[in-house]
Each structure stands twice: as C-alpha cells, then as structure tokens.
Student: 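Have a look at the structure that comes next, please.
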Amino acid sequence: MKRTPKAALAAGLFFILPSCVAIRTVPPAPSPAPEISVIPKPASVERLPGAFAFARETKILVPAGDPGSRGAAGFLALRLAEAAGIELAVVETPPAAASDAPSGAVLFRLSADPNPPAEGYLLTASPANVTIEASDASGFLYGVQTLLQLLPPAVFSDKAPATGIIQAPLTVPAVRISDRPRYPWRGLLLDVSRHFFPADFIKVLLDELALHKMNTFQWHLTDDQGWRIEIKKYPRLTEVGAWRVDREDKPWNARPPQNEGEPATYGGFYTQAEVREIVAYAAARGITVVPEIEMPGHCQSALAAYPQFSCTGGPFTVPPGGVWPITNVYCPGNEETFSFIQDVLDEVIPLFPSAYIHIGGDEVDKTNWKKCPKCQARMAAEGLKTEEELQSWFVKRIEKSINAKGKKLIGWDEILEGGLAPNAAVMSWRGTQGGITAARSGHDVVMTPTSHCYFDYYQGAPAVEPLAIGGSLPLRKVYEFEPAPSELNTGESAHVLGGQANLWTEYISTGSHAEYMLFPRLAALAEAIWSPRGSRDWKDFTARLSAQLERYRRAGMNFAESAFHVSLAPRLDPKTSTLTLTMSNEIGSPGIRYRTDGRNPDAASPLSTSPLRLKRTATVRAGTFINGLLVGKISETRFLTHQALGRAPKLAKPYQQRYKGGGDIGLVDGLRGSKSHSDGQWQGFEGDDLVAEIDFGRPKKLSAVTAGFLQNINAWIFLPASVEFAVSQDGKDFETVATVENDAPAQGPDIVIEDFAARLTGVKARYLRVLAKNIGVCPPGHPGAGRKAWIFADEIIVD
Ligand code: TNX
C-alpha cells in the first residue's frame, strides 16, 4: 500500500529485501492480543488461545517450485521489512516436509483439500507458528492480506525505516480463519478518459484493490474526452485523441469546445509497454485487468483523429468537458469502420490476458444513423427494422471477432436493446433489470447499479463534500449492496458473476481525489461481494472500520470521513414554531458535540444525547469527536425565526415531487438552502411561476419581505425574472407593495443564491402573496433551449 508502486512485486515471483534497513529486536510478546478487524470479513473466524509473535528469527517457508506462494511470501516479507524494519528470510522447503510446521515459522502450504475453493485460504495462527494454506496464487495473497490485518495497522506504513521501527509488538492473535470469496468478479472501474491518471497512480490503486481482496480492474481506456491507449497502426488516436484543450478551470458541463488553432495540451495516454507493465503488476496481486474500448458511442476522441469512421465525416475535436447527447458515434454502415475497430482490437487483445473484453455500448444516440444513407442501406441489406437492431447487429458482429480470438464480450446493459449477442455478458448499470433479463436468458452478468455502485456520487452532504456529479451514495448504502436480485431463482443467480464499483471521473482529476471517493466505500463494497451473505452486519462492519481507516492512514492513502459527519435533521412544529434538530452520524458514533452560537464545537462542547429544540434564530454547528478529536468536518444548519414561520402557504401550482424542499411548510420552515439544489431545502417548480399565498391568521405589521432563490444554469435552474409581493386584508383583493426585478444574468457557470427582498413601511395585512415569475423556457444557446426552466425557492421570510 504505497505511494510509490512496488517494483519488487511487479515481476510476481521475486522480491528484493532492502539490505540497508536496521534490524531491531521486536519487543517481547505477549501483550494483550489485538482485536480481530479483518475487512472484508472472512467466511469463518475462530479465536484460539494465545498469540504468535514475529521475531527477527522468524522464517517464511514456501513449498519449493510454487510461484504463487512464493510471490505472496515475498509480499509479506517486503511489508514487514518496510514497515517494521525486520528482514525475514524466505526459504524454500520440500513440500513433503512442510506438513510439520516448525516452531517460529510462517508456513505456506498447498491445500490438501481435493476441492479447494478458488481464491480461498486457510490461515491458522498459534503461539508456535502461522500456516497459510491455499491452492492458487490469489488464495496465498489473500491469506497474507488477512495476516497483515491481524497485525497492528502500522504494518501498512512505509515510514518505519526512516522514522524508527514499529514500537508495538508484532503479534498475531491465535486464530483459525477459513475464507473464500462469495463472487468471482469483484471489480472496480476507473475512467481514465474524462481525466487521465498516470501509470504510477494505477499501480498504487492496484495495491489498494489487493488490500480489499478485489480481483478485477476495468480500465475505461476510451471515451469522448480522451483516447488513452497507444495503437501502433493508428498513431493519431493518441497524437490527437489523447489531448484536449485545457478548460479545467470551468465546470465540466460548461466547457466551450476547442477553438480553431488552439493547442490541445491536456491529457495523456499509456504506451503499450506501460500497459503490459500494469497488467503484470496487477496479475502479481491477483487482479485481472479488463480493458474497455467504447463502441459504437462515447468515441468522439477517436473520431477527432479519424473522422472518416463517423456518419457525417466530421471534423471533430476532443471535447474538454461534457457532451450530451452522444451523437458523434461510429458509422456501422461503413465497412472501413469495422476494419478500423478490428485493427484496434487486434492490438488490444494480446495485451490483456483477461477472458473478457468490454466494448462499452452505452448511451448511443442514433440520430445520425437515422440520417445516414450508409446506415440505412445496411439496415435494408440486413433486414434490420430499427436503429436499436442496427446497434445489436453491430455488437453481434464485434462479438464474433472477439470470440474468434478466444475472448468473451461484455458490455453495458444497452447491448440488450435490439437483441443480445449470443455469448455476451452484461454489465447492469441502469438498475438491476438489465442484469435480471440477461441472467434469465442464460447470460452472465456483473451487477453495478447506479443505486449502490456509482462512486462518483456524493457520499455525504454536498455542502461539505468536494463537488461531485450529483446523486447520493453514502457508505451504508454501499454496504447494503446485494448483487443477486431477489427476482432471480438459484439457477439464474448462478449467472451473477459479482459486483463492481464504477469511478467515473468527470469531476475527479487527481489520484488523491479518486482515493477520497473510493475509500472507505470500497471496503463496504468488498465486504458485500466477498463475505457470506448471512454475515452482513453494519454495526460489526463499523466496529472493524476504524482499524481499516488506520491502515489507510499508515499507508498514506486519502479517504473520506463523511460517515462521521453529523447530519442535522430538522422538523418544524408549525403550531409552536419550535424546530427539533436530530443529530446523527452514519457510523453510529455517540460523540456528537454541538454549539448553537455559530462557532465550531470542540471536545468540551455539549454532547448531543437527545433532539435539540430551538425556539429562536440560531446557527447550529456539530461534529463527531472521538478521543477528544474531531473526525471529519463540521456540519452547520441555520434556523431563522420570522413572522411567516410554520404558516404553510397556499400554492397556485404544486412543487415538483422530486424537489419538495421540506414539503408544505418548506418555504416557511426557517431553513435556508445551500448551493446544492438537491440538499432537501429547495422547492422546485418546473416551467411554472411560483405563486404562494400566506395567511397570518390576523393582520400583521410587515416591515420587510424576502424570498430566496437558486440559480444553477447547468441544472436548468434559473432565477425568477421578477418577484412581486402583494398584500390583502381579505385574501381576495391583493395590492402590490413591491416588485423586485432580477438583475443577475441568466448565464454563466456559477451557482448563485439570490435573495429578492423589499423593505415595507406602513403595511399591515393578513395575507401576503409572493409571485415569482419563471423565465418559462431555457434561453437560446442553453442545452435545454426551449424546454421548461426551473425555479428553486428555499424560504419566504417575513419580518
Ligand atoms: C453514465 S455508466 C455513463 C458514463 C458516465 C456516468 C456518470 C455508463 C455506462 N455510462 O459515461 O460517466 O454515467 O455517472
């Protein structure tokens, strides 16, 4: 688990022990055995009396001639050398002699089980020795990963040789752990197209996957925004397709395309030599790399280099940000398109030992196919009735050539449309239905529904998270991921190969940010797909998680503490105008401390033990404290009391159910929204004006009226053109007392919160009507031009 990848393991078989590390005697055991906190949770763990203590005399014994165990043993030795400064000898022993484990040894042994589970292992630690039994290289590696997790988290550090040797005794509690994965496909996708990640980071990531016993890395190598793999026959794919203009200072969906003559300087690609190195590095860690080459859509970077394979002929540039819909796609009417794709696959396939080749297949907009004479001629010649069938024909043709090379095709669930290719496997991302359909018709599937597997989604409150694509996928939801839908019977479920997390990187441009999005959610996913179904237990997981986070810390990994953030759930009682704030964190830690004066809480601030009741304007800040230290970030909520508080307005047109913003009293609940339009405080009106009428019950003196609105043009949300405030004594005849025009431009990428406010003098009335004029439709030039514009309001404040 390293900032820099491990050259020593890349070769798989050999390991280099650093010779310059000082050897210090490990403090004598025994001390209390460390708690067992292995993630993912092993299939069975039996605690035995006593503990095994590593000493510098400890020998690592491997069966002669077994490269799998030797690689794993090398990894163990390397970790202990780097973290603890102890160099242990790895000694080959004749397999026969291995049955008697000598005292003071870590013994690797080939399993005697006639039917050993793939990737499984049996780890036994006693005060005398440790044995790891497995039947394949992955099993030995996973045995070592578990052994490392039985040691103090400091063994994941690289720092010891420089800063001193681990002080804690290197002891392992005596245990018998019998373990095997529930699913054979435990994957992570990294999108290296939307942002490029250098080869060294990929290696770091592979180390991190191995720590979680994940065995599949789907490398999303091509997409509209960048072609990332060298193809020797088509050099322009990387000369042109790997580079775009640098618009990183602008939001993803507001990046103007390349101007003529403007140099494309942002991007990168992997040479075939680097690909080979990474594939070998992964293999040494039990990880299969599945390449994804997107077709027939998500390929504008390729078309920028070779526009002749499109329907229109181009020209195209590599988009520096979002494109939608995906209309610039390969032309299946043109035979040369297939020669090109075939040539590309002919270079890609030999680089990857993987049984599967992923061909994408998602989100193809067929507009150009409908207009393209070649595509239409193809459809006529092949008897295809719809463009969906044309895509299906395309995929089937590609499948034949992939099968002919001894590989299997896998694609996104759109490849079901128009008929699934005969041997294809399906990756189900738009929910689980695609996977269910495919499994029922006898096809293998990998489950990766957006609901549980999209790690580009927010993992906590957007107000305190780095900008993300949207959505919400907190840790606990990932932990609840169930790859086998209940709709499938046992036979059909056998087609579910496993699950996968997808990290799309539109909003992620650095390795450190990628790690933040991945961890600890990947720990939750790993457990959901590795551990036996019946052993899933959130409380138990969170208890083990603290050790895992400590391992991340020692390894220098970035990770999120969002599960410790305090969520402040407000409920206004309209009768008493009292706000009840319930504070909780996802992790279930009891150490929530808060203040109500707008200042940050500290370890001495009051503990939240029951819901907080507020009757007056207050700014509440809360955080989770463990051992006197704040974990993660502080959350904040502001409660504002005013005359309209709790007086549910009558709305001329209802708010949209997707954006209820606190429901019927949402506009008068004393709570303001943040810059995130989906934070639960914003009430959305699509195409309509917002007309809200408030009844104060009796005439009231009104000195100021304010209505708060959001503008997020990327999300089709615009400030109102104007806001008119009118009052009435009887609720029938209204008199306008103020009109506030919008002076902010309805353009630009910035998210704006704007208060439309007016001071009033000498106004006394029982009724107030607020009319916020929707601009109606998105203006010309906007991607939604002519379609309904939204108004988002959070609060009507009356003083
Ligand atoms: C959908 S998942 C996509 C990707 C985007 C992702 C963003 C899939 C097959 N296609 O192209 O990056 O959503 O969440």
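For ligands, and for the atoms within them, numbers begin at 1 and follow the listed sequence.
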Student: Do me a favour and list the nearest non-hydrogen protein atom to atom 14 (O) of ligand 1 with residue, atom name and distance?
Tutor: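 Heavy-atom neighbour on the protein nearest atom 14 (O) of ligand 1: Asp456 OD2, 2.7 Å.
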Student: Would you say that Leu209 contacts Leu522 through its side chain, given a criterion of any heavy-atom pair below 4.5 Å between the two side chains?
Tutor: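 When only atoms from C-beta onward are counted, Leu522 and Leu209 do touch, with a gap below 4.5 Å.
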Student: Salt bridge between Lys633 and Glu465, side-chain N to carboxylate O under 4.0 Å?
Tutor: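 Not counted as a salt bridge, because no side-chain N and carboxylate O are separated by less than 4.0 Å.
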Student: For ligand 1, is His298 a contact, meaning one of its heavy atoms is under 4.0 Å away?
Tutor: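 The answer is yes, since His298 has a heavy atom less than 4.0 Å from ligand 1.
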Student: Do Ile398 and Met295 come close enough that some side-chain heavy atom pair is under 4.5 Å?
Tutor: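 Side chain of Ile398 against side chain of Met295, heavy atoms only: contact under 4.5 Å found.
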Student: Any donor and acceptor pair, going by atom type alone, linking the side chain of Tyr306 with main-chain N or O of Arg236 inside 3.5 Å?
Tutor: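 Yes; at least one donor-acceptor contact below 3.5 Å.
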Student: State which residues pass side-chain contact (heavy atoms from CB on, under 4.5 Å) with Thr432; sequence neighbours excluded, sorted by chain then number.
Tutor: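 Thr432 satisfies side-chain contact (heavy atoms from CB on, under 4.5 Å) with Ile436, Met447, Pro449, Pro485 only.
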Student: Which is closest to atom 6 (C) of ligand 1 by heavy-atom distance: Trp504, Tyr457, Tyr507?
Tutor: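 Nearest option to atom 6 (C) of ligand 1, by heavy atoms: Trp504.
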Student: To check your reading of the model: name the closest protein heavy atom to atom 2 (S) of ligand 1, its residue, and the distance in Å.
Tutor: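 The answer is Tyr454 OH, 2.5 Å.
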Student: Taking the inter-plane angle between the rings of His195 and Trp252 on a 0 to 90° scale, is it parallel (under 30°), tilted (30 to 60°) or perpendicular (over 60°)?
Tutor: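 Answer is tilted, since the angle falls between 30° and 60°.
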Student: Has ligand 1 got any nitrogen or oxygen that is less than 3.5 angstrom from a nitrogen or oxygen of Glu506?
Tutor: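 Glu506 vs ligand 1: N/O contact under 3.5 Å present.
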Student: Could you check whether the rings of Phe338 and Trp393 sit parallel, tilted or perpendicular, using 30° and 60° as the cut-offs?
Tutor: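 Ring orientation, 0 to 90° scale: perpendicular.
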Student: Identify, for atom 8 (C) of ligand 1, the protein heavy atom at the shortest distance, and state residue, atom and that distance.
Tutor: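 In this structure, atom 8 (C) of ligand 1 has Asp362 OD2, 3.3 Å as its nearest protein heavy atom.
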Student: With respect to Arg194, determine whether any N or O atom, backbone or side chain, lies less than 3.5 Å from an N or O atom of ligand 1.
Tutor: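 N/O-N/O distance under 3.5 Å: yes.
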Student: State the atoms of ligand 1, each with its element, that fall below the 4.0 Å cut-off from a heavy-atom position in Ile469.
Tutor: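 Those of ligand 1 that fall under 4.0 Å from Ile469 are 7 (C), 14 (O).
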Student: Counting non-hydrogen protein atoms only, what is the nearest one to atom 3 (C) of ligand 1? Give residue, atom name and distance.
Tutor: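 It is Glu363 OE1, 3.6 Å.
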